Chemist: 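The structure is given below, and queries will be raised subsequently.
Chain naming here is simple, since letters A, B, ... match the order of the sequence lines and numbering starts at 1 in each. Here the structure is a predicted model, which means the values were calculated and not measured.
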2 protein chains.
Amino acid sequence: MSDPSPAVARAGFPVSRQVLADHVYEALLEWLMDGRLEPGAAVSIDGMARELDVSPTPVREALARLEHTGMVRRVALKGYRVAPVFTREDFAELMEARLSIEPVNAKLACSRMTPEGLDALKRAVEDLKTAPRGGTFAEYRSYLEADERFHQLIAAQANNQFLLAAYNTLGGQIQRFRLFGGVGITDAEQAIAEHQAVLDALTGGDPEKAAEMMVDHVEKVRGRAMADAPED
Amino acid sequence: MSDPSPAVARAGFPVSRQVLADHVYEALLEWLMDGRLEPGAAVSIDGMARELDVSPTPVREALARLEHTGMVRRVALKGYRVAPVFTREDFAELMEARLSIEPVNAKLACSRMTPEGLDALKRAVEDLKTAPRGGTFAEYRSYLEADERFHQLIAAQANNQFLLAAYNTLGGQIQRFRLFGGVGITDAEQAIAEHQAVLDALTGGDPEKAAEMMVDHVEKVRGRAMADAPED
DNA sequence: ATGCCACAAATCCTATAGGAAAGCAGGTGC
DNA sequence: GCACCTGCTTTCCTATAGGATTTGTGGCAT
């Protein structure tokens with residue numbers, strides 16, 4: 001429909017070209033995810049422009065887009081800051097929101113699943129199982145990516161642009177918490193089993209079961225994280 | 001929580017000052033809601049700058065923020081366009097999304113309702129009842145505003161920043177559909193009764209009932225709109 | 001020592017200028 | 001008549017400059 005597939009005109013010619021602001025956006029997103037930009041840190045427009053060797057104009061545009069994701073916050077005439085670290089209460093709210101949205105996505109995705117979608121989900125779970133789980137970010141990065149991809153794919157398979165948009169507003173925050181929740185990957189075996197259970201329900205074509213397994217997964221994620229980080 | 005109430009320092013001094021890009025953002029939002037910018041129309045950066053008598057820079061920033069709301073869409077090197085009209089399928093998806101999110105908001109709002117929140121909700125319903133309902137936009141504008149405010153307040157009272165953000169991604173689309181769904185206000189009496197039923201449940205402190213009434217309301221809205229606009 | 005004020009540096013914000021790409025019109029060749 | 005090419009206009013995109021605001025620092029009075 002809105003798929004801009006009209007023309008992959010010639011080989012080597014990007015279908016949808018990017019402008020400088022897009023690259024800046026991706027660079028900033030990467031730095032936010034990497035932790036190179038730490039929570040609470042100021043994100044100076046001029047500073048980022050110098051660092052990326054561009055003018056402040058595209059940086060300003062990229063930050064304006066990033067603001068709505070909740071990753072950075074803006075105060076007029078004062079500038080942008082990386083969103084502060086999650087409090088225990090923030091985390092509880094985030095999990096509550098996930099419990100409201102993700103089971104619905106799972107249920108709808110189950111009844112509308114395409115073979116391609118199912119394949120992609122299987123690959124995501126497979127990637128979860130084979131991903132390295134070392135202590136440094138570079139090592140468990142692919143694990144986090146596969147985790148996020150799994151949930152994102154389910155939201156996409158629900159085949160509802162508005163639910164997908166709603167989930168995506170959470171997705172970035174979930175990813176951010178995974179990074180700064182601080183506990184690394186300590187629950188991979190259990191998380192993988194839970195993902196597998198969701199995938200099995202989806203494969204089996206049982207929407208209610210899929211929703212139930214998703215609730216189970218998110219609740220257990222919440223339980224483990226709450227146990228890991230009781231301070232605050 | 002994110003309420004910027006820290007200081008109404010001195011009389012006449014705006015709490016959080018605005019910059020030009022904020023005004024441009026609000027002006028564009030107003031024009032989108034008014035229908036002055038029709039679906040599918042191009043939104044030229046330079047053109048808007050001329051019309052608002054500012055430079056293109058703040059217009060560019062405002063549009064970058066607007067893009068994420070789904071009201072406008074951007075194609076690199078080609079510019080921004082107002083999002084196209086809702087198809088019947090889009091509408092069905094939007095209602096499905098509302099049914100997934102709003103009842104949860106109502107349930108949570110009910111158990112966390114503050115006296116101030118309840119007062120605000122009562123005012124919104126009262127405004128709905130007293131708002132003029134003429135045929136022109138200027139006349140039924142306040143009706144639409146009260147309707148949107150009612151749902152927005154419930155989302156806010158759920159007291160979950162992430163659910164609120166998720167709802168807000170829908171809110172703009174809902175408002176946009178109300179305008180371009182094209183049927184004006186033909187169901188005010190029924191809609192008011194349904195809103196009142198939700199309010200009663202919230203006042204009574206029965207979360208399940210509140211969720212149920214919200215489901216009922218959204219489903220009936222869907223039914224009426226589907227009946228009004230069977231073409232497409 | 002503490003509070004206050006002036007000054008300087010950094011930053012945000014807006015305007016302007018110019019290069020690059022896209023759209024459009026008109027003309028030419030087949 | 002139709003396709004294609006050329007030149008022009010519009011628009012987007014980026015860089016730069018300068019005014020406005022905030023922040024940090026040092027000195028001064030109490």
Side-chain angles (χ1 to χ4, degrees), chain A residues 2 4-10 12-28 31 37-38 40-68 71-84, chain B residues 4 6-10 12-28 31 37-38 40-68 71-84:
Chain A
S2 63
S5 52
V8 181
R10 285 150 185 54
F13 203 85
V15 188
S16 78
R17 292 176 300 175
Q18 288 192 337
V19 291
L20 212 45
D22 295 328
H23 291 293
V24 173
Y25 181 89
E26 288 170 13
L28 288 175
W31 290 359
L37 290 172
E38 292 181 8
V43 184
S44 156
I45 295 175
D46 291 342
M48 287 301 129
R50 281 191 296 271
E51 202 146 352
L52 291 166
D53 197 37
V54 296
S55 82
T57 309
V59 176
R60 174 174 294 275
E61 184 173 336
L63 282 170
R65 285 190 229 161
L66 271 174
E67 186 190 2
H68 117 87
M71 310 267 266
V72 299
R73 295 181 183 175
R74 164 181 162 276
V75 177
L77 299 179
K78 288 193 58 180
Y80 291 87
R81 292 189 154 281
V82 183
Chain B
V8 182
R10 285 149 187 54
F13 203 84
V15 187
S16 78
R17 290 177 299 173
Q18 288 192 336
V19 291
L20 211 45
D22 294 329
H23 292 293
V24 173
Y25 180 88
E26 287 170 13
L28 288 176
W31 290 1
L37 290 172
E38 292 181 9
V43 185
S44 156
I45 295 176
D46 291 342
M48 288 300 129
R50 282 192 296 271
E51 201 145 354
L52 291 166
D53 197 38
V54 296
S55 81
T57 310
V59 176
R60 174 175 296 277
E61 183 173 336
L63 281 171
R65 284 189 230 161
L66 271 174
E67 188 189 359
H68 114 89
M71 311 266 266
V72 299
R73 294 179 184 177
R74 164 181 163 275
V75 177
L77 298 180
K78 289 193 55 179
Y80 291 88
R81 303 191 82 83
V82 182

Chemist: Does a side-chain N or O from A:Arg81 land closer than 4.0 Å to OP1 or OP2 of C:dC12, or not?
Modeler: no
Chemist: Walk me through it: do A:Val24 and A:Arg60 pass the test side chain to side chain contact (heavy atoms under 4.5 Å, CB included)?
Modeler: CA-CA 9 Å; A:Val24 173; A:Arg60 174 174 294 275; over 6 Å; no
Chemist: Answer yes when A:Arg65 and A:Asp22 have at least one side-chain N-carboxylate O distance shorter than 4.0 Å, and no when they do not.
Modeler: yes
Chemist: In whole angstrom, give the distance that lies between atom CG of B:Leu77 and atom C1' of D:dC12.
Modeler: 7 Å
Chemist: Expressed in angstrom and rounded to an integer, what is the separation of B:Leu20 atom CG from D:dT21 atom C1'?
Modeler: 15 Å
Chemist: Protein-nucleotides 16-20 of chain C N/O pairs closer than 3.5 Å?
Modeler:
none

Chemist: Could you measure the distance from the CH2 atom of B:Trp31 to the CE atom of B:Met48? Nearest 0.5 Å is fine.
Modeler: 6.0 Å
Chemist: Count the heavy atoms of every other residue, nucleotide or ligand shown that sit under 6.0 Å from CD of B:Glu38, and state whether that count exceeds 12.
Modeler: no
Chemist: Taking only nitrogen or oxygen atoms into account, show me every contact under 3.5 Å that the protein makes with nucleotides 23-25 of chain D, one pair per line with its distance.
Modeler:
{"residue": "D:dT23", "atom": "OP1", "partner": "A:Lys78", "partner atom": "NZ", "Å": "3.0"}

Chemist: Which atoms form the tightest heavy-atom contact between A:Leu28 and A:Ala62, and what is the distance?
Modeler: CD1-CB, 4.2 Å
Chemist: CD of A:Glu51 to CG of A:Asp46: how many Å apart, nearest 0.5 Å?
Modeler: 12.5 Å
Chemist: For B:Ala42 and B:Arg81, work out which heavy atoms get closest and say how close.
Modeler: CB-NH1, 3.8 Å
Chemist: Quick one: A:Met48 CE to C:dT11 C1', roughly how many Å, whole number?
Modeler: 13 Å
Chemist: Between B:Arg73 and B:Glu67, is there a side-chain N and carboxylate O pair less than 4.0 Å apart?
Modeler: no
Chemist: Give the rounded distance in Å between these two atoms: CD of A:Glu61 and P of C:dT14.
Modeler: 15 Å
Chemist: Among D:dT11, C:dA15, C:dC12, which nucleotide sits nearest the side chain of B:Arg50?
Modeler: D:dT11
Chemist: Ignoring backbone atoms, test whether A:Arg60 places a side-chain nitrogen or oxygen under 4.0 Å from the OP1 or OP2 oxygen of C:dC13.
Modeler: yes
Chemist: Tell me: NE2 of A:His23 to C1' of D:dC13, nearest whole Å?
Modeler: 13 Å
Chemist: Can you tell me if CD on B:Glu26 sees more than 12 non-hydrogen neighbours from other groups inside 6.0 Å?
Modeler: yes
Chemist: Return the value, rounded to whole Å, for the distance between atom CG of A:Asp22 and atom C1' of D:dC12.
Modeler: 13 Å
Chemist: With respect to the side chain of A:Ser44, which nucleotide from C:dC12, D:dA15, C:dT14 is positioned closest?
Modeler: C:dC12
Chemist: Just call it for B:Arg74: base, sugar-phosphate, or nothing, with non-hydrogen atoms closer than 4.0 Å on any strand.
Modeler: nothing
Chemist: Round to a whole Å and report the spacing from CG of A:Asp46 to C1' of C:dC13.
Modeler: 10 Å
Chemist: Roughly how many Å is it from CD in A:Gln18 to P in C:dA21, rounded to a whole number?
Modeler: 15 Å
